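The model shown is predicted, which means the values in this text are computed figures rather than measured ones. Numbers for residues simply follow the sequence, beginning at 1.
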Amino acid sequence: MKPFTVILLVTTALMLLVVTASAFSLAQTPTLNASISGRVSSSIGTPVTDAQVMLVNASNTSEQIGNFTMTVDKDGNYQFVNVPMGNVSVFAWSPNYASSLSNSLAVSEKVTYTANVVLIPEPYFVDITVSQKVIPLETGKSTITFTVYDHWMNKVGAGWFITTHTTAGTLDPLYGDTDTNSQFKTTISAPMEGTNATVDVFAKAKNGTYYPLQMVEVTPTPAPAVTPTATAVPNATVQVTVTPVANATATPIITATPEATPTAAPTPTPTPGFEIVAALIGLAVVAAAYKKA
């Protein structure tokens with residue numbers, strides 16, 4: 001009886017251990033049937049059809065959750081299914097837009113969530129105007145106005161950080177934000193030597209990186225279309241020519257020129273043998289007269 005009793009008790013204990021372990025495992029596994037759906041649109045409400053979306057940790061947005069990444073459809077919509085429980089956000093990005101995040105979502109079991117994301121177009125083109133392209137050396141100044149547009153030739157509005165660089169002279173200020181007219185203005189002062197000053201302009205993306213803006217070149221489209229087409233030219237620049245200040249011309253000193261001294265006319269020199277010829281002619285005349293006599 002004793003050996004049988006011991007075996008029975010041990011078997012029962014093992015069964016209880018297996019049941020307890022199974023229950024614990026189920027309690028630690030989240031129910032993966034929550035879903036998140038939404039729409040990615042631009043700041044003017046149009047769908048961003050080539051946007052990418054990704055599920056990230058709301059507390060550490062650089063941490064991706066699982067393999068939840070996809071491209072939105074033609075209407076800018078997306079949907080993630082079987083989302084694990086926890087605090088998450090939807091990260092969206094697209095070319096020529098500033099990337100953005102949705103609000104934080106505390107995901108729990110069997111709940112469907114909506115998370116829309118709005119993307120703001122970033123600066124892409126710049127139109128540059130200069131009040132005076134040729135300025136005097138040392139004292140010359142010219143105002144440069146940068147008007148900034150997005151990839152679709154819409155003005156970007158206020159608050160975009162613009163920075164500039166020049167190869168000659170001095171820019172003041174070097175950087176600043178666009179105003180409500182999408183413009184940033186600066187003044188260039190002439191250097192000490194005459195040259196061409198090339199001014200470059202850059203924009204700061206929302207992720208903190210800087211990139212050169214493209215120059216606007218408007219190409220008219222044949223009728224009946226009336227909207228000009230903008231063509232990008234790499235690294236928008238503007239040139240300001242600095243001209244030297246004219247130097248005073250010294251008045252030449254007038255030096256008196258001495259009067260010319262008269263030179264005596266040379267006395268003609270008879271040709272050699274002239275006297276002999278004259279004598280011979282005279283003799284010939286005498287001889288002729290003698291014969292006649």
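Annotation: ring-ring contact (aromatic ring centres under 6.0 Å, His included) contacts of His165 (sequence neighbours excluded): none. For Asn87, there are no side chain to side chain donor-acceptor pair (under 3.5 Å) partners two or more places apart in sequence or in a different chain.
Between the side chain of Asp73 and the main chain of Asp75, a donor-acceptor pair closer than 3.5 Å is present. Panel note: side chain Ser43, backbone Ile120; no donor-acceptor pair is recorded below 3.5 Å. Without hydrogens or angle criteria, Ser142 side chain to Gln132 main chain gives a donor-acceptor distance under 3.5 Å. Remark: side-chain polar atoms of Thr178 are paired, donor with acceptor, to backbone N or O of Trp160 under 3.5 angstrom. Proximity of a side-chain donor or acceptor of Tyr210 to a complementary backbone N or O of Ile162 within less than 3.5 Å is not detected.
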Side-chain polar contacts of residues 148-158 - donor-acceptor pairs under 3.5 angstrom, sequence neighbours left out - could you list them?
residue, atom, partner, partner atom, Å
Asp150, OD1, Trp152, N, 2.8
Asp150, OD1, Met153, N, 3.1
Asp150, OD1, Asn154, N, 2.9

Pairs under 3.5 angstrom only: tabulate donor-acceptor contacts from the side chains of residues 51-70 to other protein residues two or more places apart or in another chain.
residue, atom, partner, partner atom, Å
Gln52, OE1, Thr71, OG1, 3.2
Gln52, NE2, Thr71, OG1, 2.6
Asn57, OD1, Ser59, N, 2.9
Asn57, ND2, Glu63, OE1, 3.3
Asn60, OD1, Ser62, OG, 2.8
Gln64, NE2, Gly66, O, 3.4
Gln64, NE2, Thr69, OG1, 2.8

Atom pairs and distances, donor-acceptor, side-chain atoms in residues 100-107, under 3.5 Å, two or more places apart:
residue, atom, partner, partner atom, Å
Ser100, OG, Val118, O, 3.4
Ser102, OG, Val90, N, 2.9

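Annotation: side chain of Tyr124 is in contact with side chain of Asn96 (closest heavy-atom distance under 4.5 Å). When side chains are defined from C-beta on, Leu119 does not count as touching Ser42, because their heavy atoms never get closer than 4.5 Å. Residues Ile188 and Ile144 meet the side-chain proximity criterion, which asks for heavy atoms closer than 4.5 Å. Looking at heavy atoms from C-beta onward, Phe80 lies out of side-chain contact with Ser37 at the 4.5 angstrom threshold. Two residues are said to be in side-chain contact when any heavy atoms from C-beta on lie closer than 4.5 Å; Val126 and Thr147 fail this criterion. Counting heavy atoms from C-beta outward, Val81 and Val83 have side chains that stay 4.5 Å or more apart.
Residues Thr187 and Asp172 have side chains that never bring a donor and an acceptor to within less than 3.5 angstrom of each other.
In the hydrophobic clustering of this structure, Val117 groups with Tyr97; members are Ile, Leu, Val, Met, Phe, Trp, Tyr whose side-chain heavy atoms approach within less than 4.5 Å, directly or through other members. A continuous path of Ile, Leu, Val, Met, Phe, Trp and Tyr side chains, each step under 4.5 Å between heavy atoms, connects Tyr175 with Phe146, placing both in one hydrophobic cluster. In the hydrophobic clustering of ILVMFWY residues, with side-chain heavy atoms under 4.5 Å counting as a link, Ile128 and Leu171 come out together.
Distance check, rounded to the nearest 0.5 Å: NZ of Lys141 to OG of Ser189 gives 4.5 Å. Residue Thr166 holds its OG1 atom at 9.5 Å from CG of Leu174, rounded to the nearest 0.5 Å. Note that the OG1 atom of Thr145 and the CG atom of Asp127 stand 9.5 Å from one another [nearest 0.5 Å]. Between the CD atom of Glu122 and the OG atom of Ser99 there is a distance of 7.5 Å, given to the nearest 0.5 Å.
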Run the side-chain contact (heavy atoms from CB on, under 4.5 Å) check on Asn77 and Val72 step by step: do they pass? CA-CA 5 Å; Asn77 297 319; Val72 300; 6.0 Å; no
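Here ring pair (Phe, Tyr, Trp, His ring centres under 6.0 Å) pairs that include residues 181-203, with residues two or more places apart or in two chains, number zero.
In this structure, Thr186 and Pro173 approach most closely via the heavy-atom pair OG1-O, 2.6 Å. Between Ala203 and Pro123, the shortest heavy-atom distance links the atoms CB-CB, 3.9 Å.
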